[in-house]
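To keep things clear, I will list the structure first and then write my remarks on it.
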Amino acid sequence: MENKFTNKEVAALLRNVSAAYQVKGLNYFQIRAYDTASDAIENTASDIKTLWEQGKLDQIPGIGTHIANYLDEYLTTGKVRHFESVFRQVPEDMFRFLKIPGVGPKTAVKIANSGVVSIKDLEERIKSGWLLKHDFGQKTLDNILRGIEEFNRKSDRYLLPIAGEIAKDVVNYLKQNKDVVYADPLGSLRRRLSTVGDIDIAAATRNPKGVLNHFVKYPGIHEVIEKGDTTATILHGSGIHADLMVQPPNHYGSLLQHFTGSKSHNIHLRSLAKEKGYSISEYGVKEIKSGKSLEFEKEEGIYKLLGMETPIPEIREDTGEIEAALENKIPRLIDLKDIKGDLHTHSSWSDGQNTISEMAEAAAQLGREYIALTDHSYPSLKFEQRIKDIEQFNYSQDKIRVIYGLEVNINVDATLQIADEILERHELILVSIHTSFRQEKDLMTKRIIKALENPNVDIFAHPTGRLLLEREGIEADWEQIFKVAARTGTLIEIDAYPNRLDLPDTLVREAKRFGVRFTICTDAHHTDQLNLMEYGISVARRGWLEPKDVVNTLPFEKLRDILKFD
DNA sequence: GCCGTTTTCGGCCCGACTGTTTTCAGTCG
C-alpha cells in the first residue's frame, strides 16, 4: 500500500473512481474529469496534503468544488462515503488487475467476475488454459500475459541517458533505410524527463510501409507488439518499448508536435486551437469551417498559427507554458553553453577515481573556467595538506582555477560532520544528507534548516537524496527550506548525476518562486563524469531556470563575490 | 465533473491498433 495522502496515492484513488465509473457506464466527461484531476495531482509539485491544510485544493486546475469536497472528506476521515459506495458496486478484485498494462476497467471486471483473485492466480489460470473456457480469446490472453510480464519487471522506467542511448541506436538503424527523410526521438526523451518509460520515435518518409517493415526488423528487437499503417511498437531487448510513427515529410511538423507531447500540453493546445477554429492532430491542422487542411513541415508553424511562440520541449507540460507562449513571455532558459564551472566534484582525496590535477585538466578541456573539488570531509582527511596541494596546482598553471571545497554530511542531530574552524579554512562548503534518510518530516526540516543557517555553508547538495529507480527522496517541508535558503543566500544544487537529478525539476520551479539561487554540478567521481552537466541542464530547463538563476554561469571573478572568498 | 475576455450552460483533443468484431469496443498515447 502506498503511503496515505501522498500525491501518488490520492491520484490512484481518483483513478480508481474513474475506472469504477467506466464500469458503471457513467457519462464520458464525468469519467474524464476524474482522470484529469488524477493527472493534475500526480503532476503538481505541491504536496496535496499541504495544499489541503492551506485550503488551496481548488487552485489545482481540474479540481472543482465536487472533487475538492470529496478530497476534503478523504483527508479528514481517511475515506469518502460516496467513493466507498461506488466501489461496492464493482468487483473488489478488479482494481488489482488495472495495474497490468493493456488491461482496462472492462477487462479487469471480466477477469474478476471469472473468479480470478490475484495477478499471480491470473497468470496461472491463463497458462493452464483455464481462462480460455471463460469467454477470453487466445490472443487476448497472450496480450494479458505479456502485460503481466511487463508488470513483473522490477522497474518500468529507464534513466534518461540509458533510454537516450537505445533511442540513438534505433534512430541510426532507421536512417540506414534510404526512404527515411528525417528520424528523431521524441516523447519524454525529447522533453528530457529524468526517467523515461518508453521510446517514441518519429520518422518522415514517402514510403511508410517500407519504413515500418524496416523498423520491425531492427536487430535489437525482442518482439513486435503491434504494427499498422502509420505506427508500430516493438519490445526492445532491454525491455523498453519503442514506438515508431511515420508521416510524409510535408506533415512532419505535426508529427513532431504531437509525439513530443506531453499529453496534457497537447490537450490544452488542441482546445485552444478549437476556440480559434482549427482542429489539430498528428496529421496536420484543419480549418474547421472550410475543412481545408494545412501542412507543416516544422512544428514552429503550428504554434505560430495559434499566435504563440514555440515553447522548448522541456517545458511542454501544461504548467503555464501555453499561457506564457501566447504572450511571448517564455524567458530565455539556461543552456549548456552558459555553464562556466563545476562546483561539486570528487578526487582521490576521498572517493573519487582521479587526482586533483587530472580532474582539473579534464574540466579545463571541457572549457570550464573553474572547478571546485569537494571531497567528502572524512574527519581523518588531511585538510591542510589537501589545501596546499590545490594551491600548488593553481600556481602551476592558469588554464583553470581550482576551488578547494568540502562536501560535509549533515548529521542526524543537525550538527555538521566537522568543526566550523575547518569549514572556515575552505573556500566552498557543500552540505548534504548521507544518513538517516527516513527521519520524520519535521525533524528533517529542522535538521536541514540548521545546516543552511550556518554561515560557512554555501550550497545544499542533492537536496532530496533520491536515487532514481532505487530510493525515494527524504520527506521535508520544502517551502520552509526554500524560504530559509532565499534568506540566507544558501545555494541549492541541481545534481546532474543521472541517477540523482536532484533537486527534481518540479521542486526547482517551486524554489525559484521563493527567490532561491542554484548551482548545477556533476558530482563527478571520475574525469569521464564531468560531461554529465547536460543532464543537470535538462532539469534546470524543465524548472524554467534562466542563466541568472544559476551561479555557475558566472565568470570566476563574479562567483567569488557571491561565495565571499578571497 | 470542470470551466468561462463569447459563455454559469453547453461544451469537453484526436486518432491508431487489436481482437473478434460484419460496424465496434477496449485500450493506449
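As the structure is a prediction and not an experimental result, all values here were calculated from the model. Below, chain A is the first sequence line, B the second, and so on; all start at residue 1.
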Exercise. Which residues satisfy the side-chain contact (heavy atoms from CB on, under 4.5 Å) test with A/Ala232, sequence neighbours excluded?
Worked result: A/Leu212, A/Phe215, A/Val216, A/Lys227

For this session: Can you sort out the partners of A/Ala325 under side-chain contact (heavy atoms from CB on, under 4.5 Å), two or more places apart, ordered by chain and number?
Result: A/Met308, A/Glu309, A/Pro311, A/Ile330

List, with names and distances, any nitrogen or oxygen atoms from the protein found under 3.5 Å away from nitrogen or oxygen atoms belonging to nucleotides 10-13 of chain B.
{"unit_1": "B/dC12", "atom_1": "OP1", "unit_2": "A/Lys274", "atom_2": "NZ", "d": "2.8"}
{"unit_1": "B/dC12", "atom_1": "O3'", "unit_2": "A/Arg32", "atom_2": "NH2", "d": "3.2"}
{"unit_1": "B/dC13", "atom_1": "OP1", "unit_2": "A/Arg32", "atom_2": "NH1", "d": "2.1"}
{"unit_1": "B/dC13", "atom_1": "OP1", "unit_2": "A/Arg32", "atom_2": "NH2", "d": "2.5"}
{"unit_1": "B/dC13", "atom_1": "OP2", "unit_2": "A/Arg32", "atom_2": "NH2", "d": "3.3"}
{"unit_1": "B/dC13", "atom_1": "O2", "unit_2": "A/Arg270", "atom_2": "NH1", "d": "2.6"}

For this session: Taking atom C1' in both B/dC3 and B/dT8, compute the distance separating them and give it to the nearest angstrom.
Result: 9 Å

For this session: Assess the side chains of A/Arg270 and A/His258: does a donor N or O sit below 3.5 Å from an acceptor N or O?
Result: yes

For this session: Figure out the CG/C1' separation between A/Leu212 and B/dA16, and round it to whole Å.
Result: 12 Å

For this session: Determine the Euclidean distance between corresponding C1' atoms of B/dT21 and B/dC14; express it in Å to zero decimal places.
Result: 23 Å

Exercise. To the nearest angstrom, how far is A/Asn69 atom CG from B/dC2 atom C1'?
Worked result: 14 Å

Problem set entry | Counter-base of B/dG4, judged by Watson-Crick or G-U geometry with both distances under 3.5 Å | B/dC9

Problem set entry | Residue met sooner reading DNA chain B from 5', once A/Lys286 and A/Gln22 are mapped to nucleotides | A/Lys286

Exercise. Mind checking the C1' distance from B/dC17 to B/dT23? Whole angstroms is fine.
Worked result: 16 Å

Exercise. Of A/Ile63 and A/Ile288, whose nearest nucleotide on DNA chain B comes first from the 5' end?
Worked result: A/Ile63

For this session: Ignoring backbone atoms, test whether A/Thr65 places a side-chain nitrogen or oxygen under 4.0 Å from the OP1 or OP2 oxygen of B/dG1.
Result: no

Problem set entry | Gap in Å between the two P atoms, one belonging to B/dT5 and one to B/dG1, rounded | 23 Å

For this session: Output every pair passing salt bridge (Lys or Arg N to Asp or Glu O under 4.0 Å) with a member in residues 170-199 of chain A, not counting sequence neighbours, ordered by first then second residue.
Result: A/Arg190-A/Glu299, A/Arg191-A/Glu317, A/Arg192-A/Glu534

Exercise. Mind checking what makes ring pair (Phe, Tyr, Trp, His ring centres under 6.0 Å) contact with A/His82, not counting sequence neighbours?
Worked result: A/Tyr70

Problem set entry | Nearest-nucleotide pick for A/Asn143, side chain only, options being B/dC2, B/dT18, B/dT20 | B/dT18

Problem set entry | Among B/dG29, B/dG15, B/dG1, the nucleotide that comes nearest once only the side chain of A/Asp200 is considered | B/dG29

Would you tabulate the pairs of protein nitrogen or oxygen atoms and nucleotide nitrogen or oxygen atoms of nucleotides 6-8 of chain B closer than 3.5 angstrom?
none

Exercise. Can you name the residues that form a side-chain contact (heavy atoms from CB on, under 4.5 Å) with A/Thr230, not counting sequence neighbours?
Worked result: A/Gln247, A/Tyr283

Exercise. With rounding to whole Å, what would you report as the distance between B/dT6 and B/dC2 at their P atoms?
Worked result: 24 Å

For this session: To the nearest Å, give me how far apart CD1 (A/Ile144) and C1' (B/dT20) are.
Result: 14 Å

For this session: Please list, chain by chain and in numerical order, all residues satisfying side-chain contact (heavy atoms from CB on, under 4.5 Å) with A/Lys209, sequence neighbours excluded.
Result: A/Asn207, A/Asn213

Exercise. Could you state the CZ-C1' distance from A/Phe259 to B/dA16, rounded to the nearest angstrom?
Worked result: 11 Å

Exercise. Could you give all pairs that pass the ring pair (Phe, Tyr, Trp, His ring centres under 6.0 Å) test and reach residues 159-198 of chain A, with sequence neighbours left out?
Worked result: A/Tyr173-A/His214, A/Tyr173-A/Tyr218, A/Tyr182-A/Tyr252

Problem set entry | Strand contacts (DNA chain B) in residues 98-110 of chain A, 4.0 angstrom heavy-atom criterion | A/Pro101, A/Gly102, A/Val103, A/Gly104, A/Pro105, A/Lys106, A/Thr107

Problem set entry | Under the salt bridge (charged side-chain N to carboxylate O under 4.0 Å, His left out) test, residues paired with A/Glu327 that sit two or more places apart | A/Lys329

Problem set entry | Result of checking A/Tyr34, A/Phe29, A/Tyr28 against A/Tyr21 for ring pair (Phe, Tyr, Trp, His ring centres under 6.0 Å) | A/Tyr34

Exercise. Is A/Arg541 salt-bridged to A/Glu314, going by a charged N under 4.0 Å from an acidic O?
Worked result: yes

Exercise. Taking only N and O in the side chain of A/His258, is any of them less than 4.0 Å away from OP1 or OP2 of B/dG15?
Worked result: no

Problem set entry | Sub-4.0 Å heavy-atom contacts from residues 224-240 of chain A onto DNA chain B, ordered by number | A/Glu226, A/Lys227, A/Gly228, A/Asp229, A/Thr230, A/Thr231

Exercise. If you check every side-chain atom of A/Pro61, which of B/dG19, B/dC3, B/dG29 has the closest atom?
Worked result: B/dC3

For this session: Working to the nearest 0.5 Å, report the span between CD1 of A/Ile48 and CG of A/Asn7.
Result: 5.5 Å

Exercise. Is a side-chain donor or acceptor of A/Gln89 paired with a backbone partner of A/Ser85 at a separation under 3.5 angstrom?
Worked result: yes

Exercise. Nearest-Å distance, CD (A/Gln257) to C1' (B/dG29)?
Worked result: 13 Å

Problem set entry | From CG (A/Leu333) to CD1 (A/Ile315), nearest 0.5 Å | 5.5 Å

For this session: In whole angstrom, give me the gap between the C1' atoms of B/dC12 and B/dT7.
Result: 14 Å

Problem set entry | Distance, C1' atom - from B/dT27 to B/dT20, rounded to whole angstrom | 15 Å

For this session: Measure up the A/Phe83 and A/Phe87 rings against each other and bin them: parallel (under 30°), tilted (30 to 60°), perpendicular (over 60°).
Result: tilted

